[in-house]
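First listed ligand is number 1; within each ligand, the first listed atom is number 1. For reference, positions follow the sequence shown, starting with 1. Remember, predicted model here, so these are calculated numbers, not experimental data.
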Amino acid sequence: NETITIKGKQFFILKIIGRGGSSKVYQVLDHKKQLFAVKYVDLEEADAQTVESYKNEIQHLNHLQLYSDQIIKLYDYEITNSYIYMLMECGNLDLNTWLRNRKTVNPLDRKFYWRNMLEAVHTIHNHGIIHSDLKPANFVIVNGSLKLIDFGIANRLQPDVTSIMRDSQVGTLNYMPPEAIKDTSSQPGKSRSKICKKGDVWSLGCILYCMTYGKTPFKSITNQIAKLQAIIDTSYPIEFPDISEKDLLDVLKSCLVRNPRERISLKELLDHPYLHHSP
Ligand SMILES: Cn1cc(Nc2nc(NC3CCCCC3)c3c(C#N)c[nH]c3n2)cn1
């Protein structure tokens, strides 16, 4: 059986969890049979800017360990010119897979997971990090609570079409905020528009919408161009079928406001009755 050695410690590979381009995530056991996730990144093909973006992501992940339990634990890492190994806590499942397996979510799980997501994103915002590509695959369930596994800093390594990570939602437009589509200032290609924190609020709103209605707001539009047009088209109404939880309905309507200036802030979401009033 294959093993991985990180900083002199040996880990036994149980299975590969995900693969994308030059990165792989393994489920491993240490000599005490403790479960971990190891993220391996092959840097042989990576340009200097990509290597820098990975080092930046790791520095932030390492630093933010101290500030919230909703950030995945990073126990150790090893960076050389040709590879990166990150030893992290292993989730039972990622939120995307969990959601796909069940279209409806029970109200208690939904509220708890929403609180976890808000805390994780609030933490990275407080440290000047805007994710700008939030989606369910960025969260994993660890002992019943959600943890953020990446900050959207490391460049997406060229997605490998045969990858199992393909359904890890790399490149999905379903969570993209209108301002990122309309933002003409950002040069094409590399730089995602990280214009403001409100973009992350829109994406979180799309995740909560999916946990409420079983699909994202623009899921039904399969043509990618038409989908982008609908996201920015203020005359295209987003449907909010009536539900018993009026606080939840208000959160959804407040997050999915196309004008980022009118959109609710993360701070206001943390004070919203939905989080504090039962049921
Ligand atoms: C499906 N599945 C996921 C787990 N758990 C898990 N998945 C992680 N990444 C997955 C890679 C593929 C796409 C979805 C996220 C990481 C991780 C990073 N990066 C750090 N810890 C983790 N734990 C168990 N089953």
Side-chain angles (χ1 to χ4, degrees), residues 4 6-7 9 11-30 33-43 46 50 53-65 68-79 83-102 105 109 113 116-117 120-121 123-124 129 131 133-172 174-175 203 207 210-211 216:
I4 294 175
I6 303 175
K7 293 282 181 69
K9 264 189 81 178
F11 297 90
F12 305 88
I13 296 176
L14 292 180
K15 69 173 182 178
I16 189 158
I17 297 176
R19 188 201 327 254
S22 328
S23 73
K24 292 184 178 71
V25 180
Y26 298 98
Q27 191 177 60
V28 305
L29 283 181
D30 71 355
K33 303 261 178 288
Q34 172 80 29
L35 197 64
F36 294 93
V38 169
K39 182 165 186 175
Y40 161 78
V41 184
D42 176 353
L43 296 178
T50 299
S53 71
Y54 259 95
K55 287 179 176 173
N56 190 9
E57 175 109 27
I58 291 170
Q59 292 318 323
H60 278 106
L61 180 56
N62 195 35
H63 179 228
L64 294 194
Q65 302 285 301
S68 167
D69 260 354
Q70 294 348 105
I71 304 288
I72 200 79
K73 285 279 166 283
L74 173 69
Y75 300 109
D76 212 342
Y77 57 92
E78 188 170 284
I79 304 184
Y83 66 82
I84 294 174
Y85 276 134
M86 297 162 75
L87 180 66
M88 297 179 275
E89 73 185 313
C90 191
N92 316 69
L93 201 53
D94 68 288
L95 184 62
N96 180 41
T97 308
W98 186 80
L99 272 178
R100 214 178 32 209
N101 297 345
R102 62 165 37 72
V105 175
D109 285 340
Y113 285 167
N116 296 160
M117 288 187 276
V121 177
T123 302
I124 67 171
I129 301 167
H131 193 291
D133 188 23
L134 282 171
K135 51 202 172 300
N138 297 119
F139 294 93
V140 293
I141 301 167
V142 184
N143 304 326
S145 73
L146 284 188
K147 303 204 176 197
L148 183 62
I149 57 174
D150 81 270
F151 300 161
I153 300 172
N155 291 355
R156 288 275 156 265
L157 291 155
Q158 65 290 354
D160 158 12
V161 283
T162 61
S163 74
I164 340 172
M165 223 133 123
R166 181 182 39 230
D167 60 11
S168 76
Q169 301 182 303
V170 172
T172 178
N174 286 315
Y175 305 84
S203 304
I207 297 175
C210 186
M211 293 176 120
T216 48

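Considering backbone and side-chain N/O of Gly91, one or more are found under 3.5 Å from N/O of ligand 1. Ligand 1 has no N or O atom lying under 3.5 Å from any N or O atom of Thr97, backbone or side chain.
Interface of Asn92 with ligand 1, defined as ligand atoms under 4.0 Å from a residue heavy atom, comprises 24 (C), 25 (N). Residue Met88 approaches ligand 1 through these ligand atoms, each under 4.0 Å from one of its heavy atoms: 18 (C), 19 (N), 20 (C). For ligand 1, the atoms lying closer than 4.0 Å to a non-hydrogen atom of Ala37 are 20 (C), 21 (N), 22 (C). Here is the list of ligand 1 atoms found below 4.0 Å of a heavy atom in Gly18: 12 (C).
In this structure, Leu95 CG and Tyr113 OH are separated by 7.5 Å, a value rounded to the nearest 0.5 Å.
Nearest heavy atom pair, residue Cys90 against residue Ile17, reads SG-CD1, 4.0 Å. Considering all non-hydrogen atoms of both residues, Arg102 and Trp98 come closest at NH1-NE1, 2.8 Å. Scanning both residues, Ile71 and Ile124, for their nearest heavy atoms gives CD1-CG2, 4.1 Å. Between Ile79 and Ile58, the shortest heavy-atom contact is CD1-CD1, 3.8 Å.
The part of Ile149 lying near ligand 1 is the side chain, judged by heavy-atom distances below 4.0 Å. Heavy atoms of Glu89 found under 4.0 angstrom from ligand 1 belong exclusively to the backbone.
Shown here is Lys33, whose NZ atom has no more than 12 heavy atoms of other residues, nucleotides or ligands within 6.0 Å.
Remark: side-chain polar atoms of Gln27 are not paired, donor with acceptor, to backbone N or O of Leu35 under 3.5 angstrom.
Of the candidates Ile16, Val38, Ile72, Ile17, it is Ile17 that places a heavy atom closest to atom 2 (N) of ligand 1.
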